[in-house]
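Sharing a structure with you now.
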Number of protein chains: 2
Amino acid sequence: MSDDEARRMSAEDRREQILAAASVVFGERGYAGGTTDAIAHEAGVSQAYVVRMFGGKENLFREAAERASRLVLEAFRTTAAGFTGDETIHDKRMALGFAYTNLMSDRGTLLTLLHLFSLGHDETFGPLGRACFLDVYRVTRDEAGMSAQEASDFFAQGMLTTVLLAMRMPDAQDDPAAMDLMTCTFGEQVTDLIRLTQMQTPLGTSAR
Amino acid sequence: MSDDEARRMSAEDRREQILAAASVVFGERGYAGGTTDAIAHEAGVSQAYVVRMFGGKENLFREAAERASRLVLEAFRTTAAGFTGDETIHDKRMALGFAYTNLMSDRGTLLTLLHLFSLGHDETFGPLGRACFLDVYRVTRDEAGMSAQEASDFFAQGMLTTVLLAMRMPDAQDDPAAMDLMTCTFGEQVTDLIRLTQMQTPLGTSAR
DNA sequence: TCCGGTTGTAATCGAGTGATTACTACAGTT
DNA sequence: AACTGTAGTAATCACTCGATTACAACCGGA
């Protein structure tokens, strides 16, 4: 991505770099649409190396999805750990919501998760997606101390936020209806999220 | 799907049949993952015919997505047309929510839309997805008479519902956390939606 | 300095997939 | 009955993509 000269790095670093690239590509094109070649190109290595290091596309997607899930989990855990216990539900929503939208700067992370969730029928990724989702749900309930209804409302808003960003709704900001919807859904972070989305230009090669 | 002997039907009927099949396949596997061959098999025709009738996979997906969007739009319009004007917001949410989840029985329709929304970066499908979404939003605002905030909340719940069904969360009903979440999110329609999901077994061939 | 392990690539293979072509079978019309 | 347009398919092509193989380049020790 930004490394012209970075040959022969440690396998561990290369791994993380490829996972980050996979997150971007899978986030944009989904599992079926994301090619190992595009990921390799994004990471600046050869396609053969990507495949061999992860033992196949399926394992690569699994690890990329698990990484994305872990990032969300850690963000929520960290935020919840800062709670004193006398926050209002509004305070909690704002704090966790901010932590969530902060993950948007890691372009691809949340979109990869969304793609994982859309594979519910898959024998491998279906159970994985449900497990990842429920992990985050449990943290929200148990560590952030939300009730079931509060958590449902919070996740609902999070899902709409994620889908609006996946569909690049900020690109339609000339439409007043789109602005109305985004203003209500994104709340205080409207301008930030719109600006962020428009900085994130699609992959180099024409998509699909 | 259910027609062994139905040869030589009118092009118009065949068209609708193929679109319904495409909705199922694209809903399950997404645009990139859904093959014209799987759609042809689901519709009981040859792959060549599918491609020729729609002039390519891209056009087929576009028409399938537009059909799905139209189904949602019509369901909302019909429901809103029955409003007298003195419904509470709770009444409206319940009525539109019921209309929405009723669309779930058309397996594939809402999942195809979700996949369309995940293609926001695409030069063709991005604008289409945003337009479809905003059409439904405007009907909810203008014809069902919801405020911006009410519509945002309603769509948020709808998105979470859709994603939970896409990930087949009902398959995890043994997990108490999953049941908590679904009970709060689906409301009165928990049992219906869970039963419906479990009737909808994946496509014949192993997925992906 | 040679050596062995690790990082990495070029070349290529085979399966899957969208598209095209050339063809067949049927139904309505005169 | 012959004609004509429409519904539909088998066969096959061209290309993409994941995977494999064989090899090269680099580096740290003994």
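Note that the structure is a prediction, hence the values are computed from the model and not measured. Below, chain A is the first sequence line, B the second, and so on; all start at residue 1.
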Between the protein and nucleotides 19-22 of chain D, are there any N/O to N/O pairs under 3.5 Å, and if so, what are the atom names and distances?
{"from": "D:dA19", "atom 1": "OP2", "to": "A:Lys57", "atom 2": "N", "distance (Å)": "2.9"}
{"from": "D:dA19", "atom 1": "N7", "to": "A:Gln47", "atom 2": "NE2", "distance (Å)": "3.0"}
{"from": "D:dA19", "atom 1": "N6", "to": "A:Gln47", "atom 2": "OE1", "distance (Å)": "3.0"}

Length of the CE-P vector between A:Met53 and C:dT7, whole Å =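 One finds 7 Å between P of C:dT7 and CE of A:Met53, rounded.
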inquiry  = Within the 4.0 Å heavy-atom criterion, would you say B:Thr35 contacts the bases, only the backbone, or no part of the nucleic acid?
reply    =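 Result for B:Thr35 = sugar-phosphate.
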message = For the backbone of B:Ala148 and the side chain of B:Ser152, can you confirm whether one donor and one acceptor N or O come within less than 3.5 Å of each other?
response =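 The answer is no, because no donor-acceptor pair under 3.5 Å joins these two groups.
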Nearest-angstrom distance from the residue atom OH of B:Tyr31 to P of C:dG18 =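 Computing the B:Tyr31:OH to C:dG18:P distance gives 9 Å.
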request  = Measure from CG on B:Asn59 to P on C:dA19 and round the result to the nearest Å.
outcome  =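 Going from B:Asn59 (CG) to C:dA19 (P), I get 9 Å.
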ask   = Checking side chain to side chain donor-acceptor pair (under 3.5 Å) for the pair A:Gln17/A:Asp13: CA distance, chi angles, key distance, verdict?
value = CA-CA 6 Å; A:Gln17 186 188 20; A:Asp13 289 348; over 6 Å; no
query = Centre of B:Tyr31's six-membered ring, under 6.0 Å away, within 45 degrees of the axis: is that where NZ or CZ of B:Lys57 sits?
reply =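 Yes, B:Lys57 lies over the aromatic ring of B:Tyr31.
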key: Rounded interatomic separation in angstrom, taking NE2 from B:His41 and C1' from D:dT9   =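 Going from B:His41 (NE2) to D:dT9 (C1'), I get 15 Å.
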ask   = Whole-Å distance between C:dG18 P and B:Arg29 CZ?
value =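 Going from B:Arg29 (CZ) to C:dG18 (P), I get 10 Å.
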Is there any protein nitrogen or oxygen under 3.5 Å from a nitrogen or oxygen in nucleotides 2-6 of chain D, and what are the pairs?
{"from": "D:dT6", "atom 1": "O2", "to": "B:Arg8", "atom 2": "NH2", "distance (Å)": "2.6"}

ask   = Could A:Arg15 and A:Glu63 be called an ion pair, given the rule that one side-chain N must be under 4.0 Å from one carboxylate O?
value =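 Result for this pair is yes, salt bridge flagged.
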inquiry  = Side-chain N or O of A:Tyr49 versus OP1/OP2 of C:dG8: is the shortest distance under 4.0 Å?
reply    =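 So the side chain of A:Tyr49 is within the cut-off, an N or O lying under 4.0 Å from OP1 or OP2 of C:dG8.
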message = How many whole angstroms separate atom CD1 of A:Ile18 from atom C1' of C:dT7?
response =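 Distance, rounded to whole Å: 11 Å.
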message = Ring centroids only, cut at 6.0 angstrom: are A:Phe133 and A:Phe155 within range, meaning strictly under it?
response =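 Centroid distance A:Phe133-A:Phe155: below 6.0 Å, so yes.
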request  = Taking atom CZ of B:Phe98 as the centre, report whether more than 12 heavy atoms of other residues, nucleotides or ligands fall under 6.0 Å from it.
outcome  =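 No, because the 6.0 Å sphere around CZ of B:Phe98 holds 12 heavy atoms or fewer from other groups.
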ask   = Out of D:dT9, C:dG8, D:dC17, which nucleotide sits closest to the side chain of A:Met9?
value =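 That would be C:dG8.
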Sidechain-backbone polar pair: B:Arg130 side chain, B:Gly120 backbone, donor-acceptor under 3.5 Å =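 Checked: pair present.
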key: Spacing between B:Glu12 atom CD and D:dA7 atom P, to the nearest angstrom   =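 Going from B:Glu12 (CD) to D:dA7 (P), I get 11 Å.
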ask   = Which residues satisfy the salt bridge (Lys or Arg N to Asp or Glu O under 4.0 Å) test with B:Asp171, sequence neighbours excluded?
value =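 For B:Asp171, the residues satisfying salt bridge (Lys or Arg N to Asp or Glu O under 4.0 Å) (neighbours in sequence not counted) are B:Arg168.
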ask   = Looking only at heavy atoms, what is the nearest atom pair of A:Leu164 and A:Pro170, with distance?
value =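 Closest approach of A:Leu164 to A:Pro170: O-CD, 4.1 Å.
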